[in-house]
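Just so we're on the same page: letters track the sequence lines, and every chain starts at 1.
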Amino acid sequence: MSLDKAYAPQSVEERWISAWKEAGLFSPKPDSVAAPKFVVVIPPPNVTGALHLGHALNNTLQDVLVRWRRMSGDKTCWIPGTDHGGIATQNVMEKQLKAENLSRHDLGRDKFLERMQEWTRECKKTILGQLEKLGCSLDFSREAFTMDEVRARAVRAAFKALWDKKLIYRGRRMVNWCVRCGTALSDIEVEYEERKGRLWHIHYPLADNSEGVVVATTRPETLLGDTAVAVNPKDARYAHLVGKKLRLPLLGREILVVADEAVDMAFGTGAVKVTPAHDPADFEIGERHGLPSIAVIAFDGRISAEGGLYAGLSREQARQKIVEDLKASALLRKEEDYKHSIGVCYRCASPIEPLVSLQWFVRMKDLARPALDALDGGRFVIHPKSWAKPYKDWLSGIKDWCVSRQIWWGHRIPVWYCLDCNDVSSRPFHQAEDLKGVVSDAKPASCPYCCSTKGNFMQDPDVLDTWFSSSLWPMSVFGWPEKTPDFEAYYPTSVLVTGYEILYLWVARMQMMGLEFTGRPPFSSAVIHGIVRDKSGRKMSKSLGNVIDPLVVMAKFGTDALRFSLMRDARLGKDIHFSEDGVTGARNFVNKIWNTARFALMNLPERPEQAYSLETLERESLELADRWILSRYGALAEDVAAKMGAYQVAEAAESIYGFMWDEFCDWYVELAKIRLGSQDEGEKDSCRAILAHVLNGTLKLLHPFMPFITEELYAQLKPYVGERADFLLDAGFPVPPPQWRDAEAEERMAAVMEITGSIRAVRAQLNIPPGLRIRAVAVGGSPEMRALARERMDYILVLARLEDVEFPVGSEERRPQSATALARGMTFLIPLAGIIDFTRERARLEKELVKAETEIEKISAKVENPNFLRHAGADEVQTAQAQYRAALEKKARLKETLSAVLN
RNA sequence: GGGCCGUUAGCUCAGCGGUGGAGCGUCCGCCUUACACGCGGAAGGCCGCAGGUUCGAAUCCUGCACGGCCCACCA
């Protein structure tokens with residue numbers, strides 16, 4: 001069984017995906033074994049299209065944790081699913097319709113929803129297929145959708161329960177209205193953008209046309225709805241005007257001057273026009289002073305009939321015309337450029353219009369308190385903890401949640417109105433404040449208000465905010481409110497992995513709902529990762545054209561490479577600057593692993609007669625490299641487990657990478673070549689055993705990150721190490737015995753590596769041909785070091801490509817015409833007259849000397865400082881002194897070499 | 001306006017109290033039969049600025065500058 005020279009991911013990935021599927025590997029077995037549970041629910045991707053790199057990051061991170069816990073002995077369950085995605089998805093469909101010259105109104109509600117369902121089916125298939133390709137160990141048999149029947153039941157139950165507790169109400173409020181999407185939004189669905197605008201100063205004369213007051217505004221079109229001008233009560237400039245009437249420019253209506261604390265005397269002119277119907281601050285001023293509210297901007301963004309001759313104009317047109325008219329009537333006193341932030345829709349980026357309308361709200365204060373308590377009491381932990389404070393602040397200042405949306409795609413609000421006792425035909429629904437609703441799963445048979453049994457009911461036309469169903473997700477995926485076996489077994493979940501951009505939108509609301517309905521946090525930890533940006537740090541977006549399709553990357557580099565590169569950068573809470581270079585590096589690493597295994601398998605017998613066992617290996621038969629690699633491997637396994645436990649996935653990936661490449665491959669495998677070439681079968685076998693076992697163990701450590709290649713190689717390797725698991729997930733996470741740790745071996749090996757390094761450096765810097773086997777003479781050094789170098793001469797010869805090293809007795813250190821390598825107090829003279837460029841060697845040594853001198857300078861600042869000796873710990877002092885001695889020694893040797901050896 | 005995060009090698013980022021690190025890129029040499037998706041070597045840093053604490057600071061504290069994110073009803 002020989003492996004290809006380079007790893008070819010495609011066929012391997014396909015093969016294992018179907019093998020896992022066939023085995024039902026990801027569905028937890030309903031066994032009776034009392035293993036700890038590790039349960040994760042996926043942040044359901046919206047059914048708006050295909051997955052992007054952010055999803056790849058999010059799901060790989062979850063998969064890494066789930067696979068790791070599973071290997072560590074937990075019974076794991078990871079639930080897949082998708083989100084109907086409300087406005088976002090409806091917008092996708094409306095775009096499609098537009099391409100066909102249709103609007104949703106052309107289709108009508110039922111037909112439109114049919115098309116949405118059809119689209120959703122396709123989209124789900126795509127998304128789940130992509131998750132599978134990514135290698136996600138999701139239990140696909142438990143797939144959920146936020147708008148399927150089970151989840152719909154949960155939504156209705158939650159609505160009813162909140163209604164019964166008076167935590168849901170319908171009320172007339174100022175809401176954020178997206179003119180383009182035609183719906184209300186919640187406060188956190190509004191994003192703020194700095195945009196260039198203007199500040200217009202407008203003169204409002206007194207009713208008798210004398211003097212008056214100048215107000216500043218960024219929105220002159222709202223003038224049409226002004227019902228007052230407000231000044232600060234402490235403002236002496238305007239005190240005499242309070243209570244007087246002004247004449248509203250252009251319309252001529254009389255409006256009042258009121259005094260209100262909210263007005264900032266220092267801003268603009270200190271006087272504010274008040275438009276209670278179109279500004280949240282003005283709305284409150286209006287409430288305080290009992291001002292009338294005149295809606296001049298309609299839900300379609302056009303000026304209403306109240307706007308007189310401006311009626312019918314768009315907001316933008318009206319603004320322009322009003323400014324012109326003000327100029328014409330000399331009421332416009334000043335016009336200046338002004339940068340300010342405006343609210344825009346998080347789905348379509350068009351400016352939000354604050355409008356008063358009747359909407360459904362959830363009362364949040366009482367729901368937030370238990371969530372805050374859960375955080376404070378440690379029942380819920382956020383990683384990294386830097387997100388805890390913003391989370392807390394948001395919950396502490398929480399406002400009621402507007403949950404009704406005037407779109408079609410979503411959970412219909414389960415409220416019914418009896419047509420026999422409610423008037424819904426003579427006025428717009430969203431103006432009908434006095435409606436008596438019945439909360440019910442289905443159309444009620446009779447009306448509890450008028451007792452009509454005719455069944456003349458109309459359901460509320462609005463749908464719920466998509467985040468309403470999302471907030472129930474960790475419960476609803478298990479069938480809540482039914483007490484299903486799954487709910488009993490898997491709720492609450494263990495950890496939720498998601499990006500910081502939906503911490504409030506989603507995480508906080510799940511906590512609140514979970515606590516409200518079950519008394520327990522729906523997950524005990526949240527792992528918050530960053531956003532995947534492009535190479536130069538810009539957010540990926542279709543309009544920027546910098547979106548990268550994970551499937552394309554996977555096809556080019558392999559799934560394991562993509563996963564590993566993402567994980568290597570996935571520092572908690574930090575954004576990732578994604579570039580193909582990173583994936584290239586990861587792909588190279590994958591290939592390195594492949595070839596390491598190839599090397600190992602080439603050196604193992606065709607078919608194992610008997611599995612190699614480490615237990616039966618006599619510890620005394622192990623040589624330095626063996627003890628060293630086992631020790632390092634033991635340290636690695638411990639390190640990785642600790643980092644994973646702290647959700648430091650990137651750090652764990654880095655550790656494995658370093659071990660595999662820089663220690664196992666560059667040193668152990670190179671040294672293994674010596675013994676694998678020997679005639680002694682016993683020697684060969686002990687080396688084979690360690691090679692196979694350490695490689696196998698490292699594959700296990702890597703498996704959560706690179707499920708495919710590790711599975712493929714494990715399948716080949718396992719007979720040699722006496723394992724029989726069908727899949728790595730069932731093979732256990734390695735826990736090397738503590739007695740493998742061997743500080744002495746690590747120290748001795750470090751010395752060998754240093755010696756090798758110094759000889760290699762001399763060779764390379766003097767351009768000694770790599771193929772040339774040369775001799776060296778070892779002089780100086782402590783007896784221990786000389787003994788070690790002598791003992792491990794076999795290593796040094798191979799690694800530094802030497803022919804031979806001589807250990808002369810006595811102090812005949814004069815070796816003319818030699819290059820000199822220094823390490824650990826020893827000097828390695830490489831006598832090579834005619835080959836070495838001695839000018840070069842002199843320059844090299846002089847540079848070394850400078851280095852040694854600066855080193856001495858630095859350390860002497862410590863060692864010669866009495867304060868250091870007095871205050872620093874004994875260990876520190878000892879180390880520094882040893883370093884100092886070594887540096888002095890080195891300097892002396894260099895000087896000696898420069899003067900003697902080169903002459 | 002408040003809060004959080006960042007500012008370290010050309011680029012992307014680790015390090016977070018004891019002589020400045022990795023990956024990529026660059027330069028020099030190598031097809032040393034697992035891997036050129038590789039091997040060996042090297043160059044490259046007033047660790048944003050200014051103070052302070054400490055025997056000692058990239059690391060802790062305080063300011064400042066710049067960048068980014070989150071939150072907030074300056075019209």
Provide, to the nearest angstrom, the distance between the [atom1] atom belonging to [X] and the [atom2] atom belonging to [N].
{"X": "A:F564", "N": "B:rG23", "atom1": "CZ", "atom2": "P", "value": "13 Å"}
{"X": "A:Y7", "N": "B:rG38", "atom1": "OH", "atom2": "P", "value": "16 Å"}
{"X": "A:F267", "N": "B:rC74", "atom1": "CZ", "atom2": "P", "value": "10 Å"}
{"X": "A:D662", "N": "B:rG41", "atom1": "CG", "atom2": "C1'", "value": "15 Å"}
{"X": "A:K862", "N": "B:rU19", "atom1": "NZ", "atom2": "P", "value": "5 Å"}
{"X": "A:L772", "N": "B:rG40", "atom1": "CG", "atom2": "C1'", "value": "15 Å"}
{"X": "A:E654", "N": "B:rA14", "atom1": "CD", "atom2": "C1'", "value": "7 Å"}
{"X": "A:F283", "N": "B:rA75", "atom1": "CZ", "atom2": "C1'", "value": "18 Å"}

Report the nucleotide, chosen from [options], that has the shortest atom-to-atom distance to any side-chain atom of [X].
{"X": "A:V263", "options": "B:rC5, B:rA42, B:rA75", "result": "B:rA75"}
{"X": "A:N591", "options": "B:rC35, B:rG23, B:rA75", "result": "B:rC35"}
{"X": "A:Y338", "options": "B:rC73, B:rG38, B:rA75", "result": "B:rA75"}
{"X": "A:K858", "options": "B:rU19, B:rG38, B:rG41", "result": "B:rU19"}
{"X": "A:Q765", "options": "B:rA42, B:rC55, B:rA75", "result": "B:rA42"}
{"X": "A:F868", "options": "B:rA42, B:rG18, B:rA75", "result": "B:rG18"}

Judged by modelled atom types alone, do A:Y346 and A:E189 share a side-chain donor-acceptor pair under 3.5 Å?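 There is such a pair (donor and acceptor under 3.5 Å, judged by atom type) between the side chains of A:Y346 and A:E189.
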
Using a heavy-atom cut-off of 4.0 Å across all strands, would you classify [X] as base, sugar-phosphate, or nothing?
{"X": "A:K539", "answer": "nothing"}
{"X": "A:E876", "answer": "base"}
{"X": "A:W200", "answer": "nothing"}
{"X": "A:K389", "answer": "sugar-phosphate"}
{"X": "A:A216", "answer": "base"}
{"X": "A:F589", "answer": "nothing"}
{"X": "A:R571", "answer": "sugar-phosphate"}
{"X": "A:D393", "answer": "nothing"}

Sequence-aligned protein contact record of nucleotides 28-34 of chain B, with B where the base is within under 4.0 Å of a protein heavy atom and S where only the sugar-phosphate is: SSS-B-B

Quick one: does [X]'s side chain get under 4.5 Å of [Y]'s, heavy atoms only?
{"X": "A:R288", "Y": "A:E261", "answer": "no"}
{"X": "A:W200", "Y": "A:I322", "answer": "no"}
{"X": "A:W177", "Y": "A:P354", "answer": "no"}
{"X": "A:F578", "Y": "A:L566", "answer": "yes"}

The answer to which of A:K399 and A:H577 contacts RNA chain B further toward the 5' end, by nearest nucleotide, is A:H577

Could you check whether the rings of A:F705 and A:F564 sit parallel, tilted or perpendicular, using 30° and 60° as the cut-offs? perpendicular

Would you state whether a donor and an acceptor, one from the side chain of A:R587 and one from the base of B:rC37, lie under 3.5 Å apart?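 Indeed there is one.
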
Does A:R688 make a cation-pi contact with A:Y720 (under 6.0 Å, within 45 degrees of the axis)? no

Over 12 foreign heavy atoms within 6.0 Å of NZ, A:K392: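 Atom NZ in A:K392 is not crowded, with 12 or fewer foreign heavy atoms closer than 6.0 Å.
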
